[in-house]
Amino acid sequence: KNVMDSMASLMAEQNKKLGELTENTFATATATSDDVTASIEEANSTASNFVSSASSALGTVQEQVNVGLEVDKFVVSTMDSVNATVKNISKTTLALKNEINEVKE
């Protein structure tokens with residue numbers, strides 16, 4: 001009977017230790033899972049911030065390109081105006097020369 005009691009006591013203690021070990025393992029697994037989830041969320045946040053920054057930078061570059069295109073249009077328009085004015089001056093000068101020549105004759 002003493003041996004049976006000792007065996008029962010030993011089994012109870014082993015079961016208790018196994019229960020504690022299982023609880024500890026589960027707690028560790030849960031904590032690890034939480035850590036992994038937090039790491040994934042942080043990585044997603046970092047990636048999202050990077051995409052947002054890249055998108056913003058791309059928008060800025062696009063704005064600069066648009067401004068550059070407007071400047072190009074303005075320069076071309078100004079050059080066209082200058083060319084037209086030079087042509088008008090040339091025509092006027094030629095007309096004046098012709099009139100002066102007619103007067104001389």
Side-chain angles (χ1 to χ4, degrees):
K1 189 174 180 181
N2 232 352
V3 172
M4 292 294 279
D5 286 346
S6 293
M7 289 278 286
S9 175
L10 192 61
M11 294 269 295
E13 197 166 316
Q14 292 251 326
N15 281 341
K16 183 181 173 192
K17 285 184 179 175
L18 185 61
E20 287 172 1
L21 183 63
T22 303
E23 282 179 24
N24 289 343
T25 302
F26 182 75
T28 302
T30 301
T32 302
S33 173
D34 290 347
D35 287 347
V36 168
T37 301
S39 295
I40 289 170
E41 285 172 357
E42 188 177 347
N44 283 341
S45 175
T46 301
S48 178
N49 288 343
F50 174 77
V51 168
S52 179
S53 297
S55 179
S56 175
L58 188 60
T60 301
V61 169
Q62 186 61 54
E63 285 172 22
Q64 290 172 345
V65 168
N66 290 344
V67 168
L69 290 175
E70 289 302 314
V71 169
D72 286 350
K73 285 181 192 172
F74 175 74
V75 168
V76 168
S77 172
T78 303
M79 289 304 293
D80 287 347
S81 296
V82 168
N83 286 337
T85 304
V86 168
K87 282 180 184 174
N88 284 339
I89 292 170
S90 294
K91 284 181 188 174
T92 306
T93 304
L94 188 61
L96 283 172
K97 263 187 187 176
N98 289 341
E99 282 185 36
I100 290 169
N101 286 339
E102 282 179 21
V103 169
K104 281 184 180 175
E105 291 171 1

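For the numbers below, each heavy atom of this structure counts, side chains included, while hydrogens, waters and symmetry mates do not. The first residue of the sequence shown is numbered 1, and numbering continues consecutively from there.
Under 3.5 Å, the side chains of Gln62 and Asn66 contain a donor-acceptor pair of N or O atoms.
At most 12 non-hydrogen atoms from other residues, nucleotides or ligands lie less than 6.0 angstrom from CD of Glu42.
Here CD of Glu41 is found 8.0 Å from CG of Asn44. Values are rounded to the nearest 0.5 Å. Rounded to the nearest 0.5 Å, atoms CE (Met7) and OG (Ser9) are 11.0 Å apart. Rounding to the nearest 0.5 Å places OG1 of Thr22 at 10.0 Å from CG of Asn15. Here the straight-line distance linking atom CG of Asn49 with atom OG of Ser56 works out to 12.0 Å at 0.5 Å rounding.
Leu18 and Leu10 are not part of a single hydrophobic cluster, where members link through side-chain heavy atoms under 4.5 Å apart.
Remark: Glu70 engages Lys73 in a salt bridge, criterion side-chain N to carboxylate O under 4.0 Å.
Looking at Val76, Val71, Asp72, Thr78 one by one, the single match for side chain to side chain contact (heavy atoms under 4.5 Å, CB included) with Phe74 turns out to be Thr78. Each of Thr32, Thr25, Thr30 was evaluated against Thr28; a single residue qualifies, Thr32, per the side chain to side chain contact (heavy atoms under 4.5 Å, CB included) test.
When atom types are taken as modelled, the side chain of Ser52 and the backbone of Ser48 share no donor-acceptor pair closer than 3.5 angstrom. A distance-only check finds a donor-acceptor pair linking the side chain of Ser39 to the backbone of Asp35 [under 3.5 Å]. Side chain of Thr92 to backbone of Asn88: a donor-acceptor contact under 3.5 angstrom is found.
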